[in-house]
Amino acid sequence: MDEKKIRKLYAQNNIKDVFINLHSSVDGLSQDEADKRLKKYGLNEIKKAAAESEWRTFLKNFTSMMAILLWISGLIAIVSGTLELGIAIWLVNVINGLFSFWQERAAKRATDALNNMLPTYVDVIRDGKKKQIDSKELVPGDVFVLRAGNSIPADARIISASSMQVDQSALNGESVPESKTTKYDPGEGSYAESNLVYSGTTVGAGTARAIAFATGMNTEFGRIASLTQKQTKTISPLTAELNRLTKQISIIAITIGVLFFIAAIFFVKYPLAKAFIFALGMIVAFIPEGLLPTVTLSLAQGVKRMAKKHALVKELNSVETLGETTVICSDKTGTLTQNQMTIHYIWTPAGEYQVTGNGYVNNGQVELKQKQLWYEENPDLHKLVQIAALDNDTSVQSAKEGGKPKILGTPTEAALTIMAQKAGFDKQKVIIKYPRLRELPFDSDRKRMSTIHHWNDTQYIIFTKGSYSDTIKECNRIQINGKVRKMTDEDRARAQKANAEYAARGLRSMALAYRIIDHDVDINKISIEDAEKDLIFVGLGTMSDPPRPEIYDAVKRCHQAKIRIIMVTGDSKLTAKSVAVQIGLTSDKARVISGTELETMSNEELRKALKGEVIFARVAPEQKYRIVKNCQANGEVVASTGDGVNDAPALKQADIGIAMGKTGTDVAKEAANMILTDDNFASIVAAIEEGRAVYSNIRKFLTYILTSNVPEAIPSVLFLFSAGLIPLPMTVMQILTVDLGTDMLPALGLGAEPADPDVMKQPPRKRSEHLLNKSVMLRAFCWYGLLSSVISTAAYFFVNWQNGWPTKALAASGPIYMRATTMVLGAIVFTQVANVLNCRTNKVSIFKKGLFSNKNIWYGIIFEICLFFVLTIIPGINNIFNTVPLNGVDWLFLFLLPIPLVLLDEVRKWLMYYNKNIN
């Protein structure tokens, strides 16, 4: 029998049948029977999926496609006779792998998240007596006690209840607490049965006794956890893209190696062995050894910048995935809204008042907290606030700095309490004057709560609050401007119209009324029915879970960035659509699909619906997961937000799962890729902007790194096609000096480049658009690379020209040859100085962005020039790298090189800007 049928069985059966089915009674189990069941069913805990071993996690950082390519490159270098080169490449791989492992491990927070959701102790009835046990020892058939503030340890059927309300938002996303009684009512949405409670939820108010029918992994909580554990983590888009890039570079490098092998045999007449070693050297030269560490460090920089913007990223590659996001599947409660019920309007027959931070707005005038004046001028407001504050069991503790007020009770009553506080109502003083004598608790049948107070020497007063429809029917009088008269049909129609208008705006209405009775009535014996009749209607308090203040701008920025936001919530259709329209998430024409409707839809129908404006309401956990999966089937890159247990499967399935740090459950945090420390949806937008900047920067330094490969290869091409008449102008060690030495820090400086101003006004990049695209190749190979090749080749001939060429033959060895190769290396280094500045922007002038605005790049430039200087002058080191000291003319030549290159690229950018504007 599936879980829903079991749940239905325990909800609908007579409580006696439940006891018989579970072989238990109101006196609970005997200790012996409980011990037997514990052996049978196991501990009441969530079993985590087997974790990946530390060694496997560690080794994964050294077995990516790029890492494997570098291992092979190092081996090739060693085989070709350059042991130092091979060791250098392997060391780069080792350092990069260790850094990746450390970064991801430090960010992950490996906590036992699921077990932390269960309470430590629970009061159970064993052998007819109440005793406290570890919640892990709770078994099916156990009768246990619940009170306000308790976490519920198991799925259970209510035996008895008094004013019981349960916060199930962590399980169903519903912002309004569920009332729980002994009577069965299926309710609306998931987990709404009135006589069942579920593991992992919290008692907001009241007390109850319940009998457990499911524990541990058999609970709904456990089922969701199991669903999350069974999911396999999808490969990140950046990992897939780097794998593709590795294949592309491997093909390019091997192709060039084969061509050079053939050319060495036919043009230079090298023997096979020597030609093979020469070709291997060229393959090593064309593999950008610095790319992987540069990408890793750039992502790590992105992680640090995101942390400053309240977004903790657990996996490095998730940074870039954010930049690709096309759809955000967002929970409503606590994500788009504040998860804090708030009174927005008060309606009385005399007028409507908007609740503000310091009073009420009526006809544009703020009525302040001056009590005496306020009471005299607003008797209806006075009475309404009096009812709201005194007919109330919830207290609100002041918020700590930067936090929310602590609520001891239900969110609905908390909203009324805070509204009274805003009015300047001092409950502690008033309750002394009008002490409470009896409470008529709320129940889901009549949907009202009343309290009886001393009023004066001869009278009591009954304060009543409840749902509009269930309270108004008990009212036959009305108070207007402090005067009480009989309620007419017209009065009822006006109140009904106001309630309907608020409901259409997604607001819940709470009706408030009162009645004065004489002392000759025995208040201890009066029935609820008699107490709550002939009430005087005062007005309505309308409330909702308000949107976060910053959400409006965040939604607007998402729309500008062509990112769609799909609300997926456990709340009602009306509330969901009202909030979505209010914050600009969708238009009023958006389709709202309930969980019930979703069950009947095929995947094809769902995918079609997901392409338009759509909102999902009253959805179950597996349905959120299904929505995310079908968005991905539509080709979307999906970010899914959430804070509850119910969100975990969708968070894990999504390309990027985003959990709330403050209100989020540990289950959600465990499943997510990113955690928002401030629970602020706007932080997601900032993180997406950072993610887009990271990808743009990866492409910038990919262009920069590939650029140097062209001037590294061209000298060898001249050597080959001149049949050796032009001596090899650059050695393999000098090539690696550029790839692993001088290029590294400037490339990292590009990784710190701030986002372009219009980055959030562009659509997300398409999955079909790759890092190594036509634009990158043209700029790297045919523009920057070609210019650098011409200049570096000119530097080679410049040295020989100073020493008698072309009258004398080109030097093939000796001091002149060493100086010429050193100048080629120097020319590449100094042209890369220009190229790193040029790569900062593609279309915008570098002077407009600020030539010195990125200090990290200038630190890198200074480092590469100093490194080149050290490699040429220090004995021993220059022998390894085949370099010699240069003279003053050589240095002047090198320092002047960047100027024309920067100016030429400025002309190119100006032409692109000019053509764009005239077209």
Side-chain angles (χ1 to χ4, degrees), residues 343 345-353 360 362-363 367 374-392 416 419-420 423 425 430 434 436-440 442 445-503 507-523 525-542:
I343 301 288
Y345 296 95
I346 291 173
W347 184 89
T348 69
E352 181 189 70
Y353 301 83
Y360 303 94
N362 183 31
N363 298 325
E367 300 179 7
W374 183 79
Y375 282 6
E376 289 176 359
E377 294 187 0
N378 299 277
D380 298 340
L381 284 177
H382 176 206
K383 183 59 69 178
L384 187 144
V385 171
Q386 193 178 60
I387 298 168
L390 299 182
D391 185 19
N392 196 317
L416 294 169
M419 179 265 290
F425 189 90
V430 177
Y434 308 118
R436 181 188 291 191
L437 304 174
R438 185 183 170 192
E439 176 181 333
L440 308 176
F442 177 91
D445 287 334
R446 69 186 214 286
K447 295 183 173 62
R448 292 188 300 273
M449 171 185 171
S450 297
T451 54
I452 304 175
H453 299 255
H454 169 80
W455 186 240
N456 54 42
D457 291 340
T458 60
Q459 294 173 313
Y460 302 117
I461 188 167
I462 302 173
F463 294 133
T464 300
K465 71 177 189 301
S467 73
Y468 170 78
S469 59
D470 291 277
T471 304
I472 195 71
K473 66 184 180 183
E474 301 298 336
C475 298
N476 59 12
R477 289 173 292 169
I478 190 168
Q479 177 175 310
I480 303 177
N481 294 323
K483 296 179 180 180
V484 177
R485 63 168 172 80
K486 186 178 180 180
M487 179 180 279
T488 65
D489 289 342
E490 184 181 349
D491 293 330
R492 291 183 184 276
R494 286 180 59 223
Q496 175 61 36
K497 181 181 178 183
N499 180 66
E501 288 176 350
Y502 289 129
L507 298 171
R508 291 179 62 218
S509 292
M510 177 74 69
L512 297 106
Y514 72 100
R515 176 190 178 194
I516 296 176
I517 59 175
D518 295 331
H519 273 184
D520 57 6
V521 176
D522 187 344
I523 59 170
K525 293 182 179 180
I526 189 173
S527 67
I528 291 176
E529 291 76 13
D530 288 338
E532 293 179 343
K533 69 181 182 181
D534 301 328
L535 296 173
I536 302 167
F537 178 71
V538 178
L540 303 173
T542 64

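Predicted model, so just to flag it, every value in this text is computed and none were measured.
- The minimum heavy-atom distance between Ala389 and Ala420, with the atom names listed, is CB-CB, 3.9 Å.
- The heavy-atom pair separating Ser467 from Ala511 by the smallest distance is O-CB, 4.3 Å.
- Using a 4.5 Å cut-off on side-chain heavy atoms (C-beta onward), Tyr514 and Gln386 make no contact.
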Quick one, Tyr345 with Glu501, criterion side chain to side chain donor-acceptor pair (under 3.5 Å). Give me CA distance, side-chain angles, the key distance, then yes/no. CA-CA 12 Å; Tyr345 296 95; Glu501 288 176 350; over 6 Å; no
Evaluation steps, side chain to side chain contact (heavy atoms under 4.5 Å, CB included), between Met487 and Ile472: CA-CA 10 Å; Met487 179 180 279; Ile472 195 71; 3.9 Å; yes
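- To the nearest 0.5 Å, the span separating CZ on Arg448 from CG on Asp391 amounts to 11.5 Å.
- The shortest distance between side-chain heavy atoms of Lys533 and Glu474 falls below 4.5 Å.
- Of all the heavy atoms in Ala513 and Leu535, the pair that sits closest is CB-CB, 4.0 Å.
- Ala531 and Leu440 get closest at one heavy-atom pair: CB-CD1, 3.6 Å.
- Without hydrogens or angle criteria, Arg485 side chain to Ile480 main chain gives no donor-acceptor distance under 3.5 Å.
- Considering all non-hydrogen atoms of both residues, Ile343 and Gly541 come closest at CD1-C, 4.3 Å.
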Before you tell me yes or no, could you show the steps for His453 and Ile461 under side chain to side chain contact (heavy atoms under 4.5 Å, CB included), namely the whole-Å CA-CA distance, both residues' side-chain angles and the distance that decides it to 0.1 Å? CA-CA 5 Å; His453 299 255; Ile461 188 167; 3.8 Å; yes
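- Atoms CD and CG, from Glu352 and Leu540 in turn, are 10.0 Å apart once rounded to the nearest 0.5 Å.
- Between the side chain of Arg436 and the backbone N or O of Leu390, at least one donor-acceptor pair lies under 3.5 Å.
- Taking 4.5 Å as the limit, some side-chain heavy atom of Thr348 sits within range of a side-chain heavy atom of Tyr353.
- When side chains are defined from C-beta on, Ile516 counts as touching Trp455, because their heavy atoms get closer than 4.5 Å.
- Taking OG1 from Thr488 and CZ from Arg477, the interatomic distance works out to 15.0 Å, rounded to the nearest 0.5 Å.
- Put simply, CG on Leu507 and CG on Asn499 are 10.0 Å apart, with the number rounded to the nearest 0.5 Å.
- The closest side-chain heavy-atom distance from Arg438 to Tyr460 is not below 4.5 Å.
- Within 6.0 Å of the CG atom in Asp518, the count of heavy atoms belonging to other residues, nucleotides or ligands exceeds 12.
- Under the 30°/60° scheme for interplanar angles, the aromatic rings of Phe537 and Tyr468 are found to stand perpendicular.
- Proximity of Val385 to Met419: side-chain heavy atoms (C-beta onward) are separated by under 4.5 Å at one or more points.
- Each of Leu416, Leu384, Thr471 was evaluated against Lys465; a single residue qualifies, Leu416, per the side chain to side chain contact (heavy atoms under 4.5 Å, CB included) test.
- Using a distance-only test at 3.5 Å, with no hydrogens or angles considered, no donor-acceptor pair links the side chain of His454 to the main chain of Leu437.
- In this structure, Met449 CE and Phe463 CZ are separated by 12.0 Å, a value rounded to the nearest 0.5 Å.
- Taking all atoms of both residues into account, the shortest heavy-atom contact from Ser450 to Ile462 is CB-CG2, 4.1 Å.
- A heavy-atom distance below 4.5 Å is not found between the side chains of Arg515 and Thr464.
- Remark: Ile478 CD1 to Ile536 CD1 distance equals 10.5 Å, nearest 0.5 Å.
- Side chains of Asp380 and Ile346 form no contact here, defined as non-hydrogen atoms less than 4.5 Å apart.
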